[in-house]
There are 2 protein chains.
Amino acid sequence: MTLNQLRAFLMVATLGTFSAAAVELQMTQPSISELIKRMEETYGLKLFARGSRRLVLTPAGEGLLPYARQAVDAAAGADRALRSLSSLSGGVATFGLLRNANYYFLSELLEKFNERYPLVRLRIIGLNSVEVAEAVSAGELEAGLVVLPIDSAGLDVTPLMRDEVLYVSASSSRASAPVTISDLAAANLILYDAHYGWRDPTRRQLAERAQLEGCTLSAQIEVEHVETALSIVAGGAGDTIVSRAVTTSKGFPEGLFTTTFADPLYDTIAMVQRTGSVLSPATREIARLARRMLLERMP
Amino acid sequence: MTLNQLRAFLMVATLGTFSAAAVELQMTQPSISELIKRMEETYGLKLFARGSRRLVLTPAGEGLLPYARQAVDAAAGADRALRSLSSLSGGVATFGLLRNANYYFLSELLEKFNERYPLVRLRIIGLNSVEVAEAVSAGELEAGLVVLPIDSAGLDVTPLMRDEVLYVSASSSRASAPVTISDLAAANLILYDAHYGWRDPTRRQLAERAQLEGCTLSAQIEVEHVETALSIVAGGAGDTIVSRAVTTSKGFPEGLFTTTFADPLYDTIAMVQRTGSVLSPATREIARLARRMLLERMP
DNA sequence: TCAGCGTCATAGGGTTATCCTATGGTTCGC
DNA sequence: GCGAACCATAGGATAACCCTATGACGCTGA
């Protein structure tokens with residue numbers, strides 16, 4: 001005897017069909033069927049008479065009805081009580097996200113959170129991982145998602161997933177084989193995140209590699225937005241680098257070629273929060289959602 | 001939010017420790033721990049303050065308590081209701097009986113059943129065979145006794161006994177010899193069961209005979225109760241038909257004459273239940289008693 | 001009469017909850 | 001301190017749960 005079983009029973013008794021109850025409970029008809037069946041098997045009696053017509057309560061079902069109603073109502077009350085007591089019933093959840101979040105799951109995350117906690121307002125901060133990391137470190141944000149590497153002083157960092165960084169060009173020849181750092185140094189690079197320049201984590205990784213090779217990277221053109229950079233690349237003025245998630249998104253221009261790095265390069269996405277801090281319920285919840293949705297996307 | 005979580009919460013709140021609650025609920029302490037933890041995580045708030053001493057309810061836990069109690073109680077009631085229906089130690093036995101049951105054995109049946117199973121409450125449904133047959137067919141009733149013929153779609157029908165239908169009149173001359181259908185067509189008929197009219201089984205038998213003879217039957221006066229009809233007949237306004245059991249009952253008015261039909265007419269009493277259905281113990285028992293008592297009365 | 005529709009039942013599979021045992025960590029009383 | 005009592009955590013087996021896909025059946029309209 002579980003609450004789900006009682007809920008299903010009640011809804012079926014109210015609406016008269018399994019299918020309608022399934023829609024109402026946001027489940028599928030076979031699930032309803034199974035819940036009812038299990039309850040019937042548990043007690044060895046039928047709750048509904050499955051006639052050709054519509055479902056009719058058996059005497060046993062009739063006897064169960066008032067108790068089911070009471071239990072489900074009480075559980076709904078319990079849920080309401082807890083929900084209103086938790087701070088998820090108000091206030092503002094503040095969370096930092098890396099710039100690329102659009103390409104991963106941002107809108108879905110916000111929709112899901114808002115659906116579950118409609119009373120909580122959301123403030124999503126973050127033009128770039130650098131900014132997010134600094135804000136979290138300073139305590140302005142409780143938590144956020146960033147791309148590594150970052151300056152991790154005063155932060156708890158939990159890597160969650162990684163996404164490969166690709167080289168993007170309008171010329172098939174320049175993207176015909178994995179590129180090396182020296183290829184990169186020789187290329188016309190169209191880079192974005194002008195505001196943060198070489199403090200950007202992905203760029204930092206590249207700069208470190210270049211340093212080891214004894215060469216220098218510099219941007220031919222720097223803009224703020226990835227989309228702008230990609231448009232320029234599509235025009236043939238130069239090449240750029242983006243993570244794979246960007247290349248598979250809808251907005252990715254036609255006619256661009258991609259290739260990997262000879263020594264594969266990855267953006268590692270991590271959750272950061274202030275060392276030793278306790279997250280507010282709302283923030284914890286959105287962090288939990290974000291982590292789960294990211295992990296679901298792991299290859 | 002599951003019932004098990006609420007049960008665990010309630011028991012912990014009552015007993016003050018996880019371990020004690022585990023013993024009481026026949027589970028292990030880690031299981032209780034996990035159930036509580038999951039509920040706390042779901043809502044992002046603590047339900048118990050884990051002090052060094054003993055557990056104390058947080059305000060949130062305090063708020064949850066009444067709802068938890070109500071939900072758990074209701075579920076226990078549901079369980080009891082269903083469990084008792086699959087045994088003879090409680091619950092309600094529902095059974096359908098034809099209208100005339102009073103004249104056969106109704107009170108005796110109920111007394112006997114109640115004496116043997118005092119914990120089972122009885123709900124006897126049935127103003128007329130038509131109604132009982134439809135309710136059983138739809139699954140609202142598990143079984144019942146009816147007079148044939150009925151529409152037997154979806155029903156298992158077991159004839160048990162028959163009782164002759166007699167013609168009743170205040171005039172000795174009109175009841176001096178067996179009556180024919182044409183006699184009937186010519187008579188002032190005082191009929192009962194107005195609500196069901198010619199769907200009533202006995203009336204259907206008569207109507208079919210009349211059809212074969214090419215004549216039509218119609219009621220001069222229609223009332224609901226047999227007793228009313230008999231009073232009117234005793235006043236001489238017309239004649240009626242009843243089964244023999246009625247004529248031998250205590251309430252049968254003085255001064256009325258009865259005769260048989262020229263072509264004898266019988267009410268056949270049958271047990272009906274839904275095709276392929278399994279009766280609950282209580283219903284099976286009352287059906288068994290009813291059948292036995294009927295058969296004992298067989299001529 | 002037969003195809004189309006809506007209904008519930010069943011099969012198969014992936015995910016999660018639940019529950020266990022075993023063990024670690026903390027707090028209290030002696 | 002040290003044992004006792006208690007809660008938390010880890011790891012693993014089982015069952016519940018929920019899904020998609022498909023089958024069976026009755027109803028309905030051409």
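Heavy-atom basis, side chains included; hydrogens, waters and symmetry copies ignored. In what follows, every chain begins at residue 1, and chains take the letters A, B, ... in the order their sequences are listed.
One atom, CE of A:M1, and another, P of D:dC17, lie 12 Å apart when rounded to the nearest Å. Regarding A:E41, its CD atom lies at a distance of 14 Å from the P atom of D:dA15, rounded to whole Å. Look at CD1 on B:I32: it is 14 Å from P on D:dC6, rounded to the nearest Å. Atom NZ of A:K37 and atom C1' of D:dC17 are 14 Å apart (whole Å). For the pair B:N4 CG and C:dT16 P, the interatomic distance rounds to 20 Å; values are reported in whole Å. If you take CE of B:M27 and C1' of C:dT18, they are 8 Å apart, rounded to a whole angstrom. Taking atom CD of B:Q5 as the reference point, atom C1' of D:dC17 lies 14 Å away to the nearest angstrom. The separation between A:E34 atom CD and C:dG13 atom C1' is 12 Å, rounded to whole Å.
Residue A:T2 places at least one side-chain N or O closer than 4.0 Å to OP1 or OP2 of D:dC17.
Within the 4.5 Å cutoff, side-chain heavy atoms of B:L64 are placed close to those of B:L47. Using a 4.5 Å heavy-atom threshold, the side chains of A:V147 and A:T202 count as touching.
With D:dC18, D:dA21, C:dC19 as the candidates, the nucleotide lying closest to the side chain of A:P30 is D:dA21. Of the candidates D:dC17, C:dA17, D:dT20, the closest approach to any side-chain atom of A:L35 belongs to D:dC17.
Taken over five-pair windows at either terminus, the axes of the helix from C:dT1-D:dA30 to C:dC30-D:dG1 are inclined to one another by 30° (rounded to 10 degrees).
Take B:R7 and apply the salt bridge (Lys or Arg N to Asp or Glu O under 4.0 Å) test, not counting sequence neighbours, and it matches no residue.
In summary, the side chains of B:Y43 and A:D79 do present a donor paired with an acceptor at a separation below 3.5 Å, with no hydrogens or angles considered.
Note on ring orientation: taking the six-membered ring where Trp is involved, the planes of B:F18 and B:F48 are perpendicular (angle over 60°, cut-offs 30° and 60°).
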Between the protein and nucleotides 4-8 of chain C, list the N/O to N/O atom pairs that are separated by less than 3.5 angstrom.
from	atom 1	to	atom 2	distance (Å)
C:dC8	OP1	A:F18	N	2.3
C:dC8	OP2	A:F18	N	3.4
C:dC8	OP2	A:S19	N	2.8
C:dC8	OP2	A:S19	OG	2.3

